[in-house]
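What follows is one structure encoded as structure tokens, with my remarks underneath.
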Amino acid sequence: MVNAQSKYDIQTIRNDFPILGTEVYGKPLVYLDNGATTQKPRQVVEAMVQQYYTANANVHRGVHHLSMIATDMLEQSREAVRRFIDAESVQEIVFTRGTTEAINLVASTFCQQEMQAGDEVIISTMEHHSNIVPWQLQKERKGIVVKVIPMADNGILCMDEYEKLFTSRTKLVSVAHVSNVLGTINPVADIIRIAHSHGVPVLIDGAQSVPHMPVSVRSLDADFYCFSGHKVYGPTGIGVLYGKREWLDRLPPYQGGGEMIGTVSFESTTFNAIPYKFEAGTPNYVDATGLAAALEYVEKIGMNNIAVYEADLTQYALQQMSQIEGIRFFGPMEQRGSVISFLVGNIHHLDMGTLLDRIGIAVRTGHHCAEPLMHRLGIEGTLRASFGLYNTYDEVDALVAGIHRVSQMF
């Protein structure tokens with residue numbers, strides 16, 4: 001195991017996150033719920049405050065000075081996202097409220113334009129509810145068929161079975177890049193290649209990948225890719241849908257009003273060019289500034305550096321936690337994201353999580369918005385420790401000591 005600590009200025013990073021100095025019940029906060037949301041560095045908060053104080057005006061169409069500045073800032077944020085995920089054009093970057101809205105946007109518009117009753121979408125066993133429910137809604141509304149890639153007991157998708165799911169009625173594949181429960185890093189390049197060999201486009205849910213590893217949508221050849229700002233150290237309420245230009249041009253608008261129009265009469269409406277066709281109403285322009293600041297923050301540290309550090313930290317955690325009597329891990333033990341889901345003996349995950357909180361350790365408990373995956377695993381929920389760029393080896397040791405302490409109570 002390579003010790004990434006020597007290459008990583010963790011204390012300088014932690015100093016950028018004031019909340020990490022918080023005490024919980026008189027104990028230092030150990031925040032290990034980054035899979036749900038990440039904390040925000042000063043640079044993000046200050047960028048948003050600065051815009052509110054100096055450049056707050058509704059964007060586009062305004063001819064006055066503040067509006068033009070705010071518009072420039074919004075489009076600079078779009079360029080920051082384009083660069084970060086290596087998209088070809090800013091026209092391919094649509095701002096949404098988050099991953100969930102991005103998937104719903106694709107599900108709604110794609111099914112409206114491209115699918116008929118009996119046509120098929122392929123998802124996987126390990127999907128978040130946000131990549132299950134939108135397709136089930138379309139199943140009810142339009143009669144599409146939802147197919148599911150099976151998963152082996154070790155948390156790896158069965159790729160041989162995946163290819164067998166394709167038929168002449170298959171119209172789209174929609175899968176997570178990284179499982180929010182298992183930490184499984186899915187072979188999305190292969191998933192996309194196989195789908196494209198059948199002439200089928202692919203949507204990738206990047207909510208759990210973009211914060212932790214370099215992503216190039218062009219290298220992957222993804223047709224759609226989405227992620228949430230709040231999971232990559234940015235504000236809540238802002239996210240991104242990347243779509244290849246030919247697909248965004250082809251799909252109909254998702255919502256009506258505001259910026260998405262070209263011209264409007266009582267008889268008909270024409271629509272704006274992409275990406276504005278999908279951005280009805282006043283955009284979340286200040287949070288877009290915060291998102292750009294977050295992306296610039298992690299770029300300054302280096303996504304490769306973050307990936308190496310977090311991989312090392314996760315392996316250290318797995319090694320230390322494996323010494324706990326009765327612990328069960330879920331997901332692959334190697335080549336995984338910075339997420340560890342586990343149970344200890346017969347202790348209920350909610351009881352363990354509640355007692356860990358009393359000693360300052362924040363982990364997630366429950367089904368993690370992945371109930372079908374829990375059914376596949378034969379459990380009702382897990383504890384989940386998920387790491388971010390500011391977590392430390394000492395915090396892993398605190399988690400292990402905390403689990404030992406709570407286990408002794410039972």
Side-chain angles (χ1 to χ4, degrees), residues 1-5 32-36 124-128 149-162 175-191 207-209 211-213 304 306-347 349 352-353 356 361 363-368 370 372-389 391-404 407:
M1 180 176 68
V2 176
N3 190 338
Q5 295 179 81
L32 301 176
D33 194 20
N34 296 284
S124 85
T125 302
M126 61 182 69
E127 298 308 315
H128 190 281
I149 308 169
M151 182 189 79
D153 291 340
N154 64 356
I156 303 295
L157 291 180
C158 300
M159 292 295 288
D160 54 341
E161 297 298 320
Y162 163 60
V175 296
H177 196 157
V178 176
S179 167
N180 74 307
V181 177
L182 305 172
T184 307
I185 302 174
N186 286 319
V188 292
D190 292 336
I191 288 171
Q208 299 293 336
S209 53
H212 305 290
M213 63 183 70
N304 283 312
I306 292 169
V308 169
Y309 179 79
E310 291 184 352
D312 187 79
L313 186 68
T314 303
Q315 284 303 309
Y316 177 77
L318 287 167
Q319 290 175 7
Q320 298 304 306
M321 293 170 69
S322 65
Q323 300 172 32
I324 297 169
E325 184 177 354
I327 197 165
R328 286 185 290 157
F329 296 114
F330 300 91
M333 295 299 285
E334 302 288 341
Q335 299 297 313
R336 62 183 294 151
S338 54
V339 172
I340 300 176
S341 285
F342 63 98
L343 292 171
V344 180
N346 295 319
I347 304 172
H349 52 86
M352 174 72 79
L356 286 174
I361 300 170
V363 296
R364 181 69 43 165
T365 62
H367 53 63
H368 316 297
L373 174 57
M374 295 299 155
H375 296 158
R376 167 65 179 82
L377 296 172
I379 56 178
E380 63 179 46
T382 71
L383 293 112
R384 183 185 71 184
S386 50
F387 304 106
L389 59 83
N391 288 123
T392 68
Y393 293 79
D394 287 343
E395 289 181 319
V396 170
D397 293 340
L399 171 64
V400 173
I403 296 171
H404 277 299
S407 297

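Put simply, the side chain of H128 does not reach to within 4.5 Å of the side chain of Q208, judged on heavy atoms. No side-chain heavy atom of H368 sits less than 4.5 Å from a side-chain heavy atom of L373. Residues I185 and Q335 fail the side-chain proximity criterion, which asks for heavy atoms closer than 4.5 Å. P332 places a side-chain heavy atom less than 4.5 Å from the side chain of I156. At least one side-chain heavy atom of E380 sits less than 4.5 Å from a side-chain heavy atom of H349. Put simply, the side chain of E334 reaches to within 4.5 Å of the side chain of Q315, judged on heavy atoms. Taking 4.5 Å as the limit, every side-chain heavy atom of V181 sits out of range of all side-chain heavy atoms of F330. Side-chain atoms of E161 and I149, non-hydrogen and from C-beta on, never get closer than 4.5 Å to each other.
In terms of heavy-atom proximity, D33 sits nearest to S386 at C-OG, 3.4 Å. When all heavy atoms of N34 and G388 are compared, the pair lying nearest together is ND2-N, 3.2 Å. A pairwise comparison of heavy atoms in G353 and L383 identifies N-CD2, 3.6 Å as the closest pair. Listed here is the closest heavy atom pair of R336 and S341: NH2-N, 4.2 Å. Taking each heavy atom of M333 and L318 in turn, the nearest pair found is O-CD1, 3.7 Å. Contact detail for M321 and F329: the closest heavy-atom pair is CB-CZ, 3.6 Å.
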Given side chain to side chain contact (heavy atoms under 4.5 Å, CB included), test I324 with V400 step by step and report yes or no. CA-CA 8 Å; I324 297 169; V400 173; 4.2 Å; yes
Residue pair F342, I403: steps toward the side chain to side chain contact (heavy atoms under 4.5 Å, CB included) verdict: CA-CA 11 Å; F342 63 98; I403 296 171; 3.7 Å; yes
Yes or no on side chain to side chain contact (heavy atoms under 4.5 Å, CB included) for L157 and I191, after CA distance, side-chain angles and deciding distance? CA-CA 10 Å; L157 291 180; I191 288 171; 4.3 Å; yes
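Annotation for D160: atom CG counts as buried by contact number, over 12 foreign heavy atoms lying within 6.0 Å.
Interatomic distance, CG of L399 versus CG of L356, reported as 6.5 Å (0.5 Å rounding). T382 contributes atom OG1, which lies 11.0 Å from atom NE2 of H367 (distance to the nearest 0.5 angstrom). With rounding to the nearest 0.5 angstrom, the OG atom of S338 is 8.5 Å from the CG atom of L313. Taking OG1 of T365 as the start and CE of M352 as the end, the distance is 11.5 Å to the nearest 0.5 Å. Put simply, CE on M126 and CE on M151 are 5.5 Å apart, with the number rounded to the nearest 0.5 Å. Distance CG/L389 to CD/E310: 6.0 Å, rounded to 0.5 Å.
In this structure, a donor-acceptor pair under 3.5 Å is present between the side chains of S124 and E127. Between the side chains of Y309 and N391, not a single donor N or O lies within less than 3.5 Å of an accepting N or O.
For the pair S179 (side chain) and T184 (backbone), a donor-acceptor distance under 3.5 Å is absent.
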